[in-house]
Amino acid sequence: MGRYVVRRLLVSIPTLIVISFVIYAILALAPIDPLSQFGADPRIPPEARENIRRALGLDQPWPIRYVKWMTAMFTGNFGVSFMSHSPVSELIKQRLPNTLAVVGVAELVGIAIGIPIGMISAIKRYSIFDHVGTTFAFMGFSVPTFFTGLLLIILFGIKLRWFPFIYDSTLQIHDLNSLTQQIRQSIMPITVLGLFNVATIARYVRAEMLEHLPLDYVRTARGKGLRERFVVLRHVLRNSLIPVVTLVALGIPAVFAGAIVTEQVFRVPGIGDLLVNSIGTGDIPVVATVVFIFAVLVVLVNLVADLLYAVLDPRIRYT
Amino acid sequence: MTAVLALAACTQQTPAGASPSAAASAAAKRGAGGDLKILYWQAPTILNRHQATGTKDADASRLITEPLASFGKDGLPVANGLAAEIPTAANGGVSADFTTVTWKLRTGVKWSDGTPFTADDVVATFTYQCDEKSAASTIDRCEGVKSVTAKDANTAVVTYKEPQPFYYQWGVGDAGTILQKAQYANCLGAKAKDCAADQKPIGTGPYKVREFKAGDVVTYDLNENFRDPNKPFFKSVTFKGGGDATSAARAAFQTGDVDYAWNLQVEATVLKPMAQQSSTATLTTVYGSSVERILINFSNPDPALGDNRGEPGTKHPFFSDKAVRRALAMATDRNSVAEQLYGGGLSGKASCNILTAPEPMNSKNTDGLDICKFDLNAANAELDKAGWVKGSDGVRAKGPVKLKILYQTTVNPVRQKTQDIMKANWEKVGFQVELKSVPAGTFFTNTSPDGANHFWSDVEMFTNSGDPDPTSYFVGWTTKQMTGKANNWQFGNYHRYSNPDLDAVVDSLRKETDQKKRNDLAIKANDILVSDVVVIPLINRTFATSGVSKSLKGVDPTPWDSEMWNIADWTK
């Protein structure tokens, strides 16, 4: 097991280097330009633009910039944002809590609600609960988040005025009042994202459970006289969770990467918002770093998921 | 006490000054208001004005740091900044040859950290801003400035290399921000690009930064050291960024969640009813020199030319014929665009001038021009007369040359609708029009072949604006500024237009010191560009289009300065 993990980690190093190169190459070749912000503004004359370009190091060819960025990265220096002149790590540190508070909670909500719904739907197949759950799930992943987001804003933010739709990232939770405020301001984005997560997870769990319920080992378990609850939870659910683990595991990097659309719609200053704005402004150090961290997480989480398979299914062994 | 006296003095100096708000502030007390909520749908990323990449940054920095003086509505300075009075030729502040400007600074002004403000700070700002290595985005203000020196602790002298008719170029208005010498001592030259001070500059303005989250929100507290003991009114300010213009408009007009919502670029059909029905806020606008225009290419953008494509010296196959340009202008229906897309004065009005402000420079001669009137028959007649014959496909041609136009602009709903209106009319008189839209980021990049700078199409459309003094604006049409490969498409004359008459007018504008004659020259330059149909002006767009809470008083935007120029005077 230990050797397997080490081997996997070693293999991932060249993978990540290739990924980082591809990311940087795409960014360098893409028509994004940190100076495009100035537009046709005549107050920024061409020489000034050339100066700014030089100060940002953009006069060097991109392979050199890549090597510099990569070597700095190994020493833990993520570079300095073109736009804000502050370290990229600082920006990520500012935004991660917001992303975790919204996207992370939505992921948890998805798991906490999705698994039971899927389970009950499978056991009580074709019951009213199942029909309602299925309809709800289909709606959840068919309707895009920007649409549900706007719908919620118009309904609860503007018509009913129940919840604020401008996220306040300066809010500090220190008492009940501020906690309520935090819940009120994050309930809409969490609902939007949670709806999608619940739907996906519920569908997976339901499908997997249905596949396992008629199998021989389930009949054997029942035949042994085990209580139904025990059969479902201990045997069926455990075996059905393997694809769900993959699903959830792959969702974790997405939690850190934030939810690009939802964060924009609700003005949640998370990582997704940072990423999309940085792409828009051509802030290459920020984009490259965020995407690279995302890649690292995907590689790590895949490893963790593989290890979890072994826990869930004793037949799987890694040597 | 001295500060109060100085303020009184300056109000006399400039009648256009903040006299109504001064009256309002007499009743108001410092910090009596609560939190002022400002919403920008673009988030500020840096708080040093000289490193700003957009209005969002410039405006967010204006609460903290100030220029020597602001630009008022008429384009003339208002002494609400660090200067005690506005130097003019009459009061001896400006030398007779227009090369030196002597600024008398307010005495007793303190930075928010309690240290005194002196002329040394002004000098240090010049050193920082005008060093090429600092890569300041405001470096154009340094052009032609020889030096800024401190005559004594309260007098700063700006010296221009040659007579500068626009002697308020350096130190005034949005880009005239004065930084603290001590804080920026370690940020000079190459060190400017990762300077921590840019996140939390120390200023002399009414507010100081409590917390700044780049790309998200700035929170400010009032500056206890602000020179006017009665200001500012608000205890704190929250300057939130991000999201989109439509929901920002909702936050101002429908829920009243914010006191000030910036730049509400929302479709007129949506914005108009929202603003009219609002019980919480009003739409505040001001007109300046922003003009949405259609540029005509004088070079040949044919890809077959290879390396020579669109280079200065090539000739456009049909726009080199003035009759074709005139016909295009006559088939341009700017009134419909203004009415349908800009809400008939809500966010823009039709204009046939390329220079619309300051008012004394706004030409009255263009209204009567035939090319400024939408008239399809006249356009057809013009083309008939010039020998462009309609083919069986309805497209006019002369020999092998067909009137096929590629029309590019940025991706933007209003612009795409404008394109549709233009296309429909232009095709009626025998042009064939192909539309193209490019994402703004790509469009405004000098290296992009799809961009405005390359201008590898026949016409293109965007908005541009000028300074209170239009010299640098008109330089963008001179022969020397023709853009092309040789200058990596960095020069301003995207048209590759060359006209000795215009060059001469611009040269005189550079030298002329008599204001009346300058106005005439500016009008002349405008008239040349319009009547020669180098550019087809469409819409004079509002400079500020902001949603302002009905309870908020003192908001009075000027087209020449930051919308936050007088935030010290805002009250509730």
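All figures in this text were calculated on a predicted structure; none of them were measured in a lab. So you know, we letter chains A, B, ... as the sequences are listed, proteins then strands, and number each from 1.
Between A/I166 atom CD1 and B/T255 atom OG1 the span is 6.5 Å, to the nearest 0.5 Å. Residue B/K133 holds its NZ atom at 10.0 Å from CZ of A/R54, rounded to the nearest 0.5 Å. Expressed to the nearest 0.5 Å, how far OG1 of B/T45 lies from CG of A/N277 amounts to 9.5 Å. Separating the CG atom in B/D244 from the CG atom in A/L150 is a distance of 7.5 Å, to the nearest 0.5 Å.
For B/V258, the part lying under 4.5 angstrom from a heavy atom of chain A is the side chain only. B/D131 does not touch chain A: none of its heavy atoms, backbone or side chain, sits under 4.5 Å away. Contacts between A/L91 and chain B at a heavy-atom distance below 4.5 Å involve the side chain alone, from C-beta outward. Heavy-atom distances place no part of B/A43 under 4.5 Å from chain A, backbone and side chain included. For chain A, no part of B/A196 is nearby; none of its heavy atoms comes within less than 4.5 Å. The parts of B/A251 that come within reach of chain A are both its backbone and its side chain, each placing non-hydrogen atoms under 4.5 angstrom from that chain. The contact between B/E211 and chain A is made entirely by side chain atoms (from C-beta outward), counting heavy-atom distances below 4.5 Å. For chain A, the nearby part of B/F212 is the backbone; its heavy atoms alone come within less than 4.5 Å. Proximity to chain A is limited to the side chain of B/K56, based on heavy atoms less than 4.5 angstrom apart. For chain A, the nearby part of B/D467 is the side chain; its heavy atoms alone come within less than 4.5 Å. In this structure, chain A has heavy atoms under 4.5 Å from both the backbone and the side chain of B/D194.
Closest approach of B/G215 to A/D273, counting heavy atoms only: O-OD2, 4.1 Å. Nearest approach of B/A136 to A/A48, heavy atoms of both residues: O-CB, 4.5 Å. Listed here is the closest heavy atom pair of A/Y167 and B/K240: O-NZ, 2.6 Å.
No other option in A/Q264, A/R161, A/E263 has as many heavy-atom pairs under 4.5 Å with chain B as A/R161. Between chain A and the options B/R141, B/Q254, B/E143, the largest number of non-hydrogen pairs under 4.5 Å is found for B/Q254. Ranking A/S169, A/A55, A/P87, A/G282 against chain B, the residue ahead of the rest is A/S169, based on heavy-atom pairs under 4.5 Å.
Looking at B/K193, its side chain never comes within 3.5 Å of a backbone N or O of A/F82 through a donor-acceptor pair.
Contact annotation: the side chain of B/R250 approaches that of A/I154 to within less than 4.5 Å [non-hydrogen atoms, C-beta and beyond]. Counting only heavy atoms from C-beta outward, the side chains of B/L39 and A/R267 approach each other to under 4.5 Å. Considering only heavy atoms from C-beta on, B/I46 stays 4.5 Å or farther from A/M83 through its side chain. Using a 4.5 Å heavy-atom threshold, the side chains of B/K213 and A/R95 count as separate.
With no hydrogens or angles considered, a side-chain donor-acceptor pair links B/D198 and A/H85 at under 3.5 Å.
For A/Q182, the CD atom counts as densely surrounded, since its 6.0 Å shell holds more than 12 non-hydrogen atoms of other residues, nucleotides or ligands. No more than 12 heavy atoms of other residues, nucleotides or ligands lie within 6.0 Å of CG in B/N186, so this atom counts as exposed by the packing criterion.
Of the options B/D216, B/V218, B/V217, a side-chain contact (heavy atoms from CB on, under 4.5 Å) to A/T170 is made by B/V217 and by none of the others.
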List the steps and the verdict of side-chain hydrogen bond (donor to acceptor under 3.5 Å, both in side chains) for A/R49 and B/S137.
CA-CA 8 Å; A/R49 291 177 197 229; B/S137 56; over 6 Å; no

